[in-house]
Protein chains: 2
Amino acid sequence: MQQKSVRRSNRDRTEATRADLIAAARKLFTEKSYAETGTPEIVAAAGVTRGALYHHFADKQALFAAVVEQEAAAVAEEIERASPPSLFARDALIAGSDAYLAAMRARGRTRLLLLDGPAVLGRAAMDEIDNRHGNRTLREGLVAAMRAQAMVKLPVDALTALLAAAFDRAALAVEAGASADDYRTVLMALIDGLSPHQAPRPARTR
Amino acid sequence: MQQKSVRRSNRDRTEATRADLIAAARKLFTEKSYAETGTPEIVAAAGVTRGALYHHFADKQALFAAVVEQEAAAVAEEIERASPPSLFARDALIAGSDAYLAAMRARGRTRLLLLDGPAVLGRAAMDEIDNRHGNRTLREGLVAAMRAQAMVKLPVDALTALLAAAFDRAALAVEAGASADDYRTVLMALIDGLSPHQAPRPARTR
DNA sequence: CTACTAACATACAGGCTGTATGTATGCAAC
DNA sequence: GTTGCATACATACAGCCTGTATGTTAGTAG
């Protein structure tokens, strides 16, 4: 047991306080929403005062960004843990998408990452975060599939973004009670539709 | 010219005031965001007081819902106007998606309908609105394509939702400065990938 | 040991939301 | 038409929240 008011270095204090604030905020932001959660409530849950919060974060939005960042990293880590390294390109994509949908079932994650995140931080900021974490894996999987000729060649960034958007919407729908099987079926169909079985019909450019 | 304080029926007054409030709110919500727009600013722009607002709408969120509803209807109408009635199923889908992307270029529409809308009203409410307007056309187009055997049979609701999600993300990306051509190419590839050229490889259900 | 700085806590100002209350106008019945 | 009620507002108020400014304690460098 450690006695109260142990002597701690400033670095330790900062780290601990920041972690406490992020953890408390994460809990409240996922239970309720960003707008419905006030900073007085957050600091009370973290056991500090608003002074500490505004010392460590520029504003409420910056604290939110830190929470989103951490949660996106957690999702990415769950996916990487679930998807074995070397598979056929298509199987790796499917394993990854299943892992993503599973990870997004954690309570409140969809609202945090898919609803409040884009609205509060903007799509650009969310893209930047996603590309540093979860989307990286997806993008690499797509590049690998194209290189292995298991997928038609397409602009990679756009394809990554659009598939990610479909995954996101699927996660939201499943959480809202839709048939997970239906959505999984369609996701697989969209992915398999990109296989190069036949020469693609000449696309009328205009 | 009509003299001031003309005698108007209550129904006319209500309709005019509601329309003024919605128009003023729409302008501000699209120029800034929902969170950054205060009710004092809205009523000032509409030329009434906050009393009128809270007489006609339950709260700020209800006014926002009315704005979103109207804007979604406007988008749907632009699409229907742009897409000729009888085409081959695939061409109709492409024309519709182009029309959607064009309609979403109106200033502030993406934030209103794709960012703030889901965050403030929730995905369920936005789905309900979308299904009453824009998504109806998409869904019918998909059903027609499947019936004409121009598209593999898939769960229609899930497919509609996921394609709509992809369109939405494309609209956001294009507004953020991404290559519209790239996104259009990928969207077409996703749609064409659903054509039944070959028997689909046996999907391992698990 | 001294001086400076980081890590907080406390106090304050401004703004916003929603509600309660007051007032004038349309409207319906007699 | 006037009496009475409901509708359409305007005004006033209470509570909360955010961000900042200021004060205090604890670490840390010289």
Side-chain angles (χ1 to χ4, degrees), chain A residues 2-25 27-29 31-68 116 119-122, chain B residues 2-25 27-29 31-68 116 119-122:
Chain A
Q2 69 185 37
Q3 62 193 99
K4 70 176 180 181
S5 193
V6 258
R7 185 187 167 91
R8 286 182 305 174
S9 82
N10 267 349
R11 239 188 103 243
D12 288 347
R13 284 177 50 170
T14 293
E15 229 166 286
T17 304
R18 278 185 61 105
D20 287 348
L21 281 168
I22 291 176
K27 180 168 152 58
L28 291 165
F29 286 153
E31 281 173 357
K32 310 196 294 186
S33 70
Y34 175 78
E36 287 165 0
T37 305
T39 52
E41 200 179 355
I42 296 173
V43 296
V48 295
T49 65
R50 296 181 61 248
L53 195 169
Y54 281 90
H55 177 72
H56 289 289
F57 298 93
D59 51 17
K60 186 186 169 188
Q61 184 175 324
L63 171 59
F64 180 74
V67 171
V68 167
D116 283 348
V120 173
L121 305 177
Chain B
Q2 68 184 37
Q3 63 192 102
K4 70 176 180 182
S5 194
V6 258
R7 184 186 168 89
R8 286 182 306 174
S9 82
N10 265 350
R11 238 186 104 245
D12 288 347
R13 283 178 52 173
T14 292
E15 230 165 287
T17 304
R18 278 186 60 106
D20 288 348
L21 281 168
I22 291 177
K27 179 168 152 58
L28 291 165
F29 286 153
E31 280 173 357
K32 310 196 294 185
S33 70
Y34 175 78
E36 287 164 0
T37 305
T39 53
E41 199 179 355
I42 296 172
V43 297
V48 295
T49 64
R50 296 181 63 247
L53 194 168
Y54 281 90
H55 177 72
H56 289 289
F57 297 94
D59 51 17
K60 185 186 168 188
Q61 184 175 324
L63 171 59
F64 179 75
V67 172
V68 167
D116 283 349
V120 173
L121 305 176

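Quick note on labels: first sequence line is chain A, next is B, and so on, each numbered from 1. Just so you know, these numbers use all the heavy atoms, side chains as well, and skip hydrogens, waters and symmetry mates.
- In this structure the side chain of A/Phe64 never reaches within 4.5 angstrom of the side chain of A/Thr37, judged on heavy atoms.
- Note: CZ (B/Arg18) to C1' (D/dA8) measures 13 Å, nearest angstrom.
- Atoms NZ (A/Lys60) and P (D/dT18) sit 5 Å apart, rounded to a whole Å.
- At least one side-chain heavy atom of A/Phe57 sits less than 4.5 Å from a side-chain heavy atom of A/Leu21.
- The nucleotide whose nearest atom lies closest to any side-chain atom of B/Thr14 is, among C/dT10, D/dA8, C/dG18, D/dA8.
- Here the side chain of B/Ala52 is nearest to one of D/dA10, C/dA9, C/dT17, namely D/dA10.
- Remark: P of C/dG15 and CD of B/Glu36 are 16 Å apart, rounded to the nearest angstrom.
- Computed from coordinates, the A/Leu63 CG to D/dC17 P distance equals 15 Å when rounded to whole Å.
- For B/Pro40, counting side-chain heavy atoms from C-beta on, the closest listed nucleotide (D/dC17, C/dT17, D/dC9) is C/dT17.
- Taking atom CG of B/Leu53 as the reference point, atom P of C/dT17 lies 9 Å away to the nearest angstrom.
- Put simply, A/Thr39 has no side-chain N or O that comes within less than 4.0 Å of OP1 or OP2 on D/dC17.
- Of all nucleotides listed (C/dA9, C/dG18, C/dC8), C/dC8 comes nearest to the side chain of A/His56.
- Computed from coordinates, the B/Gln61 CD to C/dC16 C1' distance equals 16 Å when rounded to whole Å.
- In the interface, the side chain of B/Arg13 is not paired with the base of C/dG26 through any donor and acceptor atom under 3.5 Å apart.
- With rounding to whole Å, B/Arg50 atom CZ is found 14 Å from C/dA20 atom P.
- The CD atom of A/Glu15 sits 12 Å away from the P atom of C/dC8 (whole-angstrom rounding).
- Nearest heavy-atom pair, B/Asp20 versus B/Ala46, reported as atom, atom and distance to 0.1 Å: O-CB, 3.8 Å.
- Nearer to the 5' terminus of DNA chain D, by closest-nucleotide assignment, is the contact made by B/Thr17 (compared with the other of B/Thr17 and A/Tyr54).
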